[in-house]
Amino acid sequence: MKIATYNVNGINGRLPVLLRWLAEREPDVVCLQELKAPQDKFPHAAIEAAGYQAIWHGQKSWNGVAILSRVGTPVETRRGLPDDPDESQSRYIEAAVNGVLIAGLYLPNGNPRPGPKFDYKMRWFEHLIRHAQDLIDTGIPVVLAGDFNVMPTERDVYKPERWQDDALFAPEVRAAFARLVAQGWTDALRTIHPDETIFTFWDYFRNAYGRDAGLRIDHLLLSPSLAPRLRDARVDRDVRGWEKSSDHAPVWIDLAPDKTRR
DNA sequence: ATGGCAATTAGAAATTGA
């Protein structure tokens with residue numbers, strides 16, 4: 001089973017790119033972030049025509065997350081974090097799909113740091129960490145997938161020295177990510193590619209993609225009960241080079257079938 | 001070092017992103 005996360009940066013503006021990617025790469029489950037569309041402007045007809053069932057948590061102008069599946073109905077288990085610090089921001093959606101609990105998230109950017117936006121990022125992070133522990137404690141196979149807006153280590157930034165004070169890389173942000181992972185989560189992409197420089201985002205400025213001046217901020221974290229099924233993890237890097245593409249590329253994992261299930 | 005681009009809502013310019 002192939003599970004992907006993709007920050008589309010505007011689902012309606014990117015619809016041709018998204019549909020082409022779905023058709024070419026055939027992911028089974030997809031978490032989308034930054035829909036930038038209100039609930040009633042989600043292009044569900046086009047998504048359905050492409051063979052996917054979908055649930056989504058829209059928001060006018062900003063944020064917005066969705067879960068797509070072509071391997072059975074996504075059964076929604078929650079939207080928004082428990083005690084979400086700001087209910088008006090659509091950043092979390094969770095569903096059971098084909099025997100795996102999928103948590104799609106869009107963690108706040110947090111810039112500028114310091115400031116209220118950074119405080120909000122850290123508060124949201126704490127709520128996520130709390131909920132993630134609860135998910136692990138259930139023993140259910142879980143994927144936390146999305147745009148975490150965190151580069152976990154220096155290897156995940158093209159020029160780490162320039163990002164030290166940025167909300168995506170500041171010490172307390174990396175520490176929060178490390179605390180989350182230490183609960184027992186497996187960073188799928190880093191596990192499959194332990195020593196590679198590998199990015200998921202390239203900004204639109206200064207030919208960042210052409211220069212490979214990127215960041216690794218989109219992650220798929222596997223619960224201990226799911227990690228043994230990890231077969232592969234990759235970035236569909238070339239998609240970033242397509243016409244009218246998002247500044248993020250899709251990231252995906254391949255899971256072996258669950259032998260305990262029938 | 002800074003500014004560069006692209007999306008949103010609007011119907012211009014401001015806001016946000018990372």
Side-chain angles (χ1 to χ4, degrees), chain A residues 5-19 21 31-43 56-66 85-86 88-92 104-122 124-125 128 145-174 176-177 189 197-219 235 237 239-251:
Chain A
T5 181
Y6 188 15
N7 180 322
V8 287
N9 189 9
I11 191 162
N12 287 303
R14 302 305 176 196
L15 195 56
V17 170
L18 175 64
L19 294 175
W21 172 70
C31 297
L32 298 175
Q33 302 87 38
E34 279 209 271
L35 304 179
K36 292 186 171 181
Q39 191 68 10
D40 62 354
K41 291 281 166 47
F42 183 87
W56 63 96
H57 188 19
Q59 181 186 331
K60 188 178 159 186
S61 301
W62 314 117
N63 311 317
V65 286
D86 181 355
S88 72
Q89 299 197 26
S90 300
R91 296 182 175 276
Y92 188 90
L105 64 98
Y106 176 46
L107 210 136
N109 174 305
N111 277 308
R113 168 183 173 269
K117 290 191 175 180
F118 187 72
D119 296 341
Y120 175 64
K121 177 178 198 166
M122 297 312 292
W124 205 93
F125 219 143
L128 176 65
D147 178 356
F148 285 69
N149 271 316
V150 181
M151 296 85 90
T153 71
E154 302 223 329
R155 196 190 302 145
D156 303 313
V157 201
Y158 67 101
K159 268 204 183 3
E161 64 276 12
R162 285 193 187 174
W163 290 82
Q164 297 296 330
D165 298 322
D166 191 276
L168 277 68
F169 196 56
E172 61 270 45
V173 176
R174 276 183 276 167
F177 188 84
L189 197 61
T197 297
I198 180 162
F199 299 135
T200 67
F201 167 91
W202 299 262
D203 78 28
Y204 291 117
F205 313 146
R206 293 157 304 192
N207 188 32
Y209 180 63
R211 297 184 298 119
D212 198 26
L215 310 172
R216 189 173 76 94
I217 55 179
D218 301 277
H219 308 296
V235 179
R237 193 184 185 288
V239 176
R240 176 61 181 82
W242 292 0
E243 189 83 11
K244 294 279 284 177
S245 86
S246 167
D247 37 8
H248 297 249
V251 188

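Letters A, B, ... are given to chains in the order of the sequence lines, protein chains preceding strands, and every chain is numbered from 1. Side chains included, hydrogens not; waters and symmetry mates left out as well; all remaining heavy atoms used.
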Short question: side chain of A:Asn111, backbone of A:Ala167 - any donor-acceptor pair under 3.5 Å? yes
Given DNA chain B, 5'-ward residue of the pair A:Phe205 and A:Lys117, judged by closest heavy atom: A:Phe205
Rounded to whole Å, CG of A:Asn12 lies from C1' of B:dA10 at a distance of 17 Å
For atom OH of A:Tyr106 and atom C1' of B:dA7, their distance in whole Å: 11 Å
Heavy atoms, side chains only, cut-off 4.5 Å: are A:Ser246 and A:Glu34 in contact? no
Which nucleotide, B:dT9, B:dA18, B:dT15, lies nearest any side-chain atom of A:Lys60? B:dT9
Rounded to whole Å, the CD-P distance (A:Gln59 to B:dT15) equals 17 Å
Could you tell me which non-hydrogen atom of A:Met151 sits nearest to which non-hydrogen atom of A:Asp156, and how far apart they are? CG-O, 3.5 Å
Would you mind reading off the distance between A:Gln164 atom CD and B:dA18 atom P, rounded to a whole angstrom? 20 Å
Between atom CD in A:Glu34 and atom C1' in B:dT9, what is the gap in whole Å? 15 Å
With rounding to whole Å, what would you report as the distance between B:dG4 and B:dT9 at their P atoms? 25 Å
Within the 4.5 Å heavy-atom criterion, are A:Trp202 and A:Tyr158 side-chain neighbours or not? no
Phosphate-side-chain proximity, A:Lys36 and B:dA6, N/O vs OP1/OP2 below 4.0 Å: no
Looking only at side-chain N and O atoms, does A:Asn111 come under 4.0 Å of OP1 or OP2 in B:dA18? no
B:dG11 and B:dA1, which share atom name P, separated by this distance in whole Å: 41 Å
A:Lys244 near the nucleic acid: base, sugar-phosphate alone, or nothing, with a heavy-atom cut-off under 4.0 Å? sugar-phosphate
Distance between the P atoms of B:dT8 and B:dA18, in whole angstroms? 14 Å
If only side-chain N and O atoms count, and only distance matters, is there a donor-acceptor pair under 3.5 Å linking A:Lys121 with A:Asn109? no
OP1 or OP2 of B:dA18 sitting under 4.0 Å from any side-chain N/O of A:Asn7? yes
A:Arg206 CZ to B:dA6 P, straight-line distance once rounded to whole Å: 13 Å
A:Trp56 CH2 to A:Lys41 NZ distance, which is reported to the nearest 0.5 Å: 13.5 Å
B:dT16 phosphate, OP1 or OP2, under 4.0 Å from A:Tyr204 side-chain N/O: no
Ignoring backbone atoms, test whether A:Asn109 places a side-chain nitrogen or oxygen under 4.0 Å from the OP1 or OP2 oxygen of B:dG17. no
Among the nucleotides B:dA7, B:dA18, B:dA6, whichever has the atom closest to the side chain of A:Leu168 is B:dA18
Can you tell me how far C1' in B:dA12 sits from the matching atom in B:dA7, rounded to whole Å? 16 Å
Closest listed nucleotide, where the reference is the side chain of A:Asn149 and the choices are B:dG4, B:dA18, B:dT9: B:dA18
Out of B:dG17, B:dG3, B:dT2, whichever nucleotide has its closest atom nearest the side chain of A:Arg162: B:dT2
Determine the Euclidean distance between corresponding C1' atoms of B:dA10 and B:dA14; express it in Å to zero decimal places. 11 Å
Interatomic distance where CH2 belongs to A:Trp62 and C1' belongs to B:dA6 [whole Å]: 11 Å
A:Arg113 side chain near B:dA18 phosphate (N/O to OP1/OP2, under 4.0 Å): no
5′-ward residue of the pair A:Ser61/A:His248 relative to DNA chain B: A:Ser61
Are A:His219 and A:Phe177 packed together at the side-chain level, in the sense that at least one heavy-atom pair is separated by less than 4.5 angstrom? yes
Under 4.0 Å between any heavy atoms, over every strand shown, what does A:Asp147 touch: base, sugar-phosphate, or nothing? Just pick one. sugar-phosphate
Selection from B:dT2, B:dT9, B:dG3 that lies nearest to any side-chain heavy atom of A:Pro38: B:dT9
Can you tell me the distance, in whole Å, between the CD atom of A:Gln33 and the P atom of B:dT8? 16 Å
